[in-house]
Amino acid sequence: MAKDFPSRAENYSQWYNDLVIKADLAENSSVRGCMVIKPNGYAVWEKIQAALDRMFKETGHSNVYFPLFIPKSFFSKEASHVEGFAKECAVVTHYRLKADPVNGGVMVDEDAKLEEELIIRPTSETIIWDTYKNWIQSYRDLPLLYNQWANVVRWEMRTRLFLRTAEFLWQEGHTAHATREEAVKEAETMLNVYAEFAENYMALPVIKGTKSAGERFAGALETYAIEALMQDGKALQAGTSHFLGQNFAKAFDVKFLNKENQLDYVWATSWGVSTRLMGAIIMAHSDDNGLVLPPKLAPTQVAIVPVFKNAEQLAMITEKVMPIKKALEAKGISVKYDNRETHKPGWKFTEYEFKGVPVRLTIGPRDVENGTVEIARRDTLEKEVLQLKDIENKVIHLLDQIQKNLYDRAVSFRENNSHYVDTWDEFKDVIENRGGFIYAHWDGTQETEEKIKEETKATIRVIPLNNPRSKGKCVYSGKPSEERVIFARAY
RNA sequence: CGGGAUGUAGCGCAGUUGGCUAGCGCACCACGUUCGGGACGUGGGGGUCGGAAGUUCGAGUCUUCUCAUCCCGACCA
């Protein structure tokens, strides 16, 4: 059996309460499944944004912003795209309220009905492509490499905090290219950006691959994804990058003159990651003592807790602490010196463990006397007493170690929970009793994929890139297969 | 949208066949002693029992409707 979620983390609440909470909207509100992102949570999101944004710029992209509202008619243009989203759209029908003479309060002014309803974007392909049409005439206008940081709304039947909220924050890249090859390359480049970010910043190992036809994005020819394994043995799709072919260009009539002076449709990609990444961090690293944040994304990287009995002692300790704090900050480390007299040291220790602060320094009278400091790491909960000399480099070294250890730990967890399975009985047994990734042969048909899903709730997470060829028989149908694909139950 | 469960103080919960001033733990406030792993004592504040309607002398408790949350399905880049 895969490691259960920590006992104290029922519904993850022990873990995520410091980052987000469920939105507590007005009584009788029919808005459900929204989240409030608290300061610490938003700080994590800002770090995610900053790192990704830099990587986008490095790969030649710029940021843009498009409207939240999309005219309904835009959605009637790309058939499969609409089919994918129509069932979960919030629709604006009126633009004014008026006083309610009967019940008091306010009511919708029926006179203020919109001629054409507006859809609150579930994703921005349609409005962006409608605009791109006017920006592209010649191959000289290409490529367009744009990204948008925004919020979107999807009226999901069932929501799940972090992983599937009705409203969420994300980035969506939308690019236009002159050739098929260039667009495919773009989709693959961005997949690599996501994978690099997940592994280097989130300390989350991911498997890069393509989606089966059944799991593909509505309107895409190919969907690339990074897939990660959570501590409960379920898979989480952490990012996607789509090669859209010419579908959207045809739907929105986006043509350009190529070098041969011939009119052609442009080739497109889109790619995105969302606040779901915060859910991935939480579910991948946290333990019974609360959150564990990777140092590179932790809003506070070092917490310093003084131990004191009176004001003189605190003053003495503060005098020692301030140079350390300054030295660390000079090296770009975020430090919180918690000199509050309202909480005891023990309370603070537990508090920073809950919050997932990677490194904690403790300084008390004993340390002042000996010229030492106690250093504690969140990932292993180990403590050590160090000489104060050169403490900033020791801390920086430890932060790196923690970042690496979290990654290594997640890799070995994934290895220990990856199973090569060749028979259907074993497949069912592993899914039911152990969880994790299953590498199994598949006959390549959507029919088999659906049968497997019906019987086990497992889906094909990805067909790994650069997958080794290995002849075998489909674990379900027994038909010949050329490669193994990854099955898992997923969020 | 179907099945199940839940809704009582900021959080977690108890509240019997309808009955008297609605309780407990944590948190919060005051004072004192404490302070190197969530301290303790004493005192105190905080509630239209999710909402609406109904039955009743009397409703947290019963009935109907409604809203939300959680779980399981269905659905879901």
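The sequence lines fix the lettering, A, B, ..., with proteins before strands; numbering per chain opens at 1.
- Using bins of under 30°, 30° to 60° and over 60° for the plane-to-plane angle, the ring pair A/Trp129/A/Tyr132 lands in the perpendicular bin.
- Here A/Asp429 does not pair with A/Arg434 in a salt bridge; the nearest charged N to carboxylate O distance is not below 4.0 Å.
- B/rC35 atom P lies 17 Å from atom CG of A/Asp367, rounded to whole Å.
- With a cut-off of 3.5 Å on both pairing distances, the Watson-Crick or G-U wobble partner of B/rA5 is B/rU69.
- The CG atom of A/Leu118 sits 12.0 Å away from atom SG of A/Cys89, with the distance rounded to the nearest 0.5 Å.
- Two rings, from A/Phe168 and A/Trp170, have their centers less than 6.0 Å apart.
- Nearest to the side chain of A/Arg366, among B/rC76, B/rG36, B/rG73, sits B/rG36.
- Proximity note for A/Phe217 (side chain, C-beta onward) versus B/rG73, B/rA77, B/rA39: the nearest is B/rA77.
- Using a 4.0 Å heavy-atom distance criterion, A/Phe168 is classed as a base contact.
- Taking atom NE2 on A/His242 and atom C1' on B/rA77, their separation rounds to 4 Å, with Å as the unit.
- Side-chain N/O atoms of A/Arg216 and base N/O atoms of B/rA77 include no donor-acceptor pair closer than 3.5 Å.
- Across all strands shown, B/rC11 forms a Watson-Crick or G-U wobble pair with B/rG25, both key distances being under 3.5 Å.
- Across the protein-nucleic acid pair, A/Glu455 atom CD and B/rG73 atom P stand 15 Å apart, rounded to whole Å.
- With the nearest nucleotide of RNA chain B identified for both A/Glu454 and A/Gly346, A/Gly346 has the one nearer the 5' end.
- Note: CH2 (A/Trp170) to C1' (B/rA77) measures 7 Å, nearest angstrom.
- Counting any heavy atom pair closer than 4.0 Å across all strands shown, A/Asn310 reaches no nucleic acid atom.
- Within the nucleic acid shown, A/Gln237 comes within 4.0 Å of sugar-phosphate atoms alone, with no base atom in reach, counting heavy atoms only.
- In this structure B/rC76 sits in no base pair that meets the Watson-Crick or G-U test at under 3.5 Å.
- Listed candidates were B/rG36, B/rG73, B/rC76. Nearest to the side chain of A/Arg164 is B/rC76.
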message: Walk me through whether A/Glu117 and A/Thr93 qualify under side chain to side chain donor-acceptor pair (under 3.5 Å).
response: CA-CA 5 Å; A/Glu117 294 90 342; A/Thr93 55; over 6 Å; no
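- With B/rG36, B/rG37, B/rC76 as the choices, the nucleotide that has an atom nearest any side-chain atom of A/Glu156 turns out to be B/rC76.
- Across every strand in view, B/rG45 sits unpaired, with no contact that passes the Watson-Crick or G-U test at under 3.5 angstrom.
- Applying the Watson-Crick and G-U wobble criteria (two distances, each under 3.5 Å), B/rC35 pairs with nothing in any strand.
- When Watson-Crick and G-U wobble pairs are counted only if both distances are under 3.5 Å, B/rC57 pairs with B/rG19.
- Across all strands shown, A/Thr362 has heavy atoms under 4.0 Å from base atoms, whether or not it also approaches the sugar-phosphate.
- Using a 4.0 Å heavy-atom cutoff across all strands shown, A/Pro122 reaches no nucleic acid atom at all.
- The listed nucleotides are B/rC76, B/rC35, B/rA77; the one nearest the side chain of A/Val307 is B/rC35.
- Side-chain atoms of A/Lys383 come within donor-acceptor range of the base of B/rG37, with a qualifying N/O pair under 3.5 Å.
- Listed by first then second residue, pairs satisfying side-chain hydrogen bond (donor to acceptor under 3.5 Å, both in side chains) with a partner in residues 301-313 of chain A read A/Gln301-A/Ser334, not counting sequence neighbours.
- With a 3.5 Å ceiling on both atom-pair distances, the Watson-Crick or G-U wobble partner of B/rA52 is B/rU64.
- Heavy atoms of A/Arg360 sit under 4.0 angstrom from at least one base atom.
- Atom CG of A/Leu277 and atom P of B/rA77 are 18 Å apart (whole Å).
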